[in-house]
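Working notes for the structure below.
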Amino acid sequence: MKEFTMRQLCLSVWLLTAICSLGIAQQTDLTPVSLLRNSHFSKGEDFPSEWTMMLSSPDVFNVKWHRDAKEGNHIIFESLGPDYSGYIMQKVPVTKGAWYRLKLRLSHSMGRGLIWVYGYDEKDKPLLFDRRKYLSSFVGNPLVPHFVRKELMNGSEDDSWRDVIFDFHNSDDKGEIQPAILRIAVGIYFTNAKMLIKSIEMWQIDESESGTK
């Protein structure tokens with residue numbers, strides 16, 4: 001009888017430990033699921049699936065999909081001239097009037113970049129909805145820091161991998177324009193520039209979570 005009771009006790013302790021471990025794992029795994037498809041560029045043949053390019057002059061841009069099991073897949077995006085813009089983009093259905101967060105993992109070693117969000121209605125017709133976050137890099141800038149102090153520059157001072165967050169409200173200030181579809185575009189904005197993009201993620205957030213206030 002004692003031996004049976006001890007077995008029951010051991011089994012009960014093991015089950016309790018397993019349940020607690022599962023609960024902790026569920027609580028700590030708070031990474032939201034991205035609304036953008038193929039956010040980490042893991043799928044595709046010649047180019048990441050679900051993503052398309054928008055280049056004002058293809059000859060000026062050097063765009064490559066680099067697959068690396070160790071460092072992670074990423075897009076190499078380089079502009080060889082200052083007169084054109086180019087983006088990698090994807091359209092995604094969204095909730096009207098909701099708040100969203102875009103998160104990019106990138107290395108920005110030269111020039112200017114842009115996160116560009118543009119809105120459409122249910123029939124995929126353009127709306128007057130435009131949200132932007134400008135990115136800049138002064139890596140290797142000869143004016144910094146001897147002629148211009150780093151704290152006066154608005155941008156990245158190194159080319160290491162970093163996260164960029166962009167929170168926005170899917171509505172204009174008056175609440176009259178609320179897109180049903182958003183085009184998410186990331187790229188280079190009229191400059192000689194180079195950036196590496198490892199991931200582009202997006203998910204819905206509460207207004208209280210946004211970093212805009």
Side-chain angles (χ1 to χ4, degrees), residues 34-92 100-118 130-168 182-203 211:
S34 176
L35 298 174
L36 294 171
R37 303 170 299 280
N38 197 19
S39 284
H40 295 268
F41 313 132
S42 59
K43 301 175 183 178
E45 295 182 5
D46 298 327
F47 197 75
S49 59
E50 308 291 351
W51 294 94
T52 59
M53 296 298 306
M54 179 172 63
L55 304 176
S56 55
S57 179
D59 294 339
V60 175
F61 288 90
N62 179 21
V63 184
K64 296 181 180 178
W65 179 27
H66 182 71
R67 286 181 265 194
D68 190 322
K70 183 178 180 181
E71 297 294 331
N73 299 335
H74 57 269
I75 302 295
I76 301 173
F77 212 143
E78 185 175 16
S79 171
L80 307 178
D83 301 322
Y84 302 93
S85 60
Y87 306 92
I88 177 175
M89 63 183 188
Q90 182 180 140
K91 286 184 177 180
V92 58
Y100 288 94
R101 172 167 293 171
L102 276 167
K103 179 181 177 182
L104 277 64
R105 183 71 173 169
L106 58 78
S107 168
H108 192 181
S109 59
M110 183 173 65
R112 295 192 303 268
L114 177 64
I115 304 172
W116 184 13
V117 179
Y118 197 84
D130 189 315
R131 295 288 183 269
R132 304 185 184 198
K133 183 179 180 69
Y134 294 91
L135 310 172
S136 59
S137 172
F138 53 90
V139 175
N141 190 320
L143 299 179
V144 181
H146 301 294
F147 297 97
V148 181
R149 298 198 309 272
K150 286 183 177 181
E151 56 267 28
L152 298 179
M153 302 290 287
N154 182 21
S156 172
E157 62 181 278
D158 64 64
D159 58 358
S160 60
W161 290 105
R162 62 189 177 96
D163 292 330
V164 175
I165 301 294
F166 181 29
D167 296 341
F168 64 92
L182 292 176
R183 183 189 68 197
I184 308 301
V186 179
I188 292 172
Y189 177 74
F190 296 111
T191 182
N192 290 80
K194 182 177 181 180
M195 65 170 58
L196 279 58
I197 308 170
K198 186 173 285 188
S199 63
I200 307 174
E201 300 176 279
M202 173 179 162
W203 58 88

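All figures in this text were calculated on a predicted structure; none of them were measured in a lab.
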Could you pull out every donor-acceptor pair under 3.5 Å between side chains of residues 74-89 and any protein atom, sequence neighbours left out?
residue, atom, partner, partner atom, Å
His74, ND1, Gly72, O, 3.1
Ser79, OG, Gly81, N, 3.4
Ser79, OG, Gly81, O, 2.7
Ser79, OG, Thr191, O, 3.1

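Taking every heavy atom of both residues into account, Val186 and Ile197 meet most closely at CG1-CD1, 3.8 Å. Closest approach of Met195 to Leu135, counting heavy atoms only: CE-CD1, 4.4 Å. In terms of heavy-atom proximity, Ser39 sits nearest to Ser34 at OG-OG, 2.7 Å. What you find for Ser137 and Met110 is that their closest heavy atoms are OG-N, 3.5 Å. In plain terms, the two heavy atoms of Arg67 and Gly44 that are nearest each other are NH1-O, 3.6 Å. Closest non-hydrogen pair, Lys194 versus His108, comes out as O-CD2, 3.5 Å.
Between the side chain of Arg112 and the main chain of Phe190, a donor-acceptor pair closer than 3.5 Å is present. Between the side chain of His40 and the backbone N or O of Lys43, no donor-acceptor pair lies under 3.5 Å. In this structure, Glu50 contributes its side chain and Gln90 its backbone to no donor-acceptor pair below 3.5 Å. With hydrogens and angles disregarded, no donor-acceptor distance shorter than 3.5 Å links the side chain of Ser107 to the backbone of Leu196. A donor-acceptor distance shorter than 3.5 angstrom exists from the side chain of Asn73 to the backbone of Asp68, with no hydrogens or angles considered.
Proximity of the aromatic rings of Phe41 and Trp51 is defined here by a centroid distance below 6.0 angstrom, and this criterion is met.
If you take CZ on Arg37 and OG on Ser49, they are separated by 9.5 Å, rounding to the nearest 0.5 Å. How far CE of Met54 is from OG1 of Thr52: 8.0 Å, rounded to the nearest 0.5 Å. Rounded to the nearest 0.5 Å, atoms OG (Ser160) and CG (Leu106) are 10.0 Å apart.
Val92 places none of its side-chain heavy atoms less than 4.5 Å from the side chain of Tyr100. By the 4.5 Å heavy-atom criterion applied to side chains, Lys133 and Val164 are counted as neighbours. The shortest distance between side-chain heavy atoms of Ile115 and Ile200 does not fall below 4.5 Å.
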Arg132/Tyr189 under side chain to side chain contact (heavy atoms under 4.5 Å, CB included): CA gap, chis, key distance, verdict: CA-CA 11 Å; Arg132 304 185 184 198; Tyr189 177 74; 4.3 Å; yes
Let's go through Phe168 and Leu182 carefully: what are the C-alpha distance in whole Å and the side-chain angles of both, what is the deciding distance for side chain to side chain contact (heavy atoms under 4.5 Å, CB included) to 0.1 Å, and is it a yes or a no? CA-CA 12 Å; Phe168 64 92; Leu182 292 176; 3.6 Å; yes
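When the shell of 6.0 Å around NZ of Lys198 is examined, it contains more than 12 heavy atoms from other residues, nucleotides or ligands.
Taking the six-membered ring where the residue is Trp, Tyr118 and Trp116 present perpendicular rings, their angle passing 60° and hence far from 30°.
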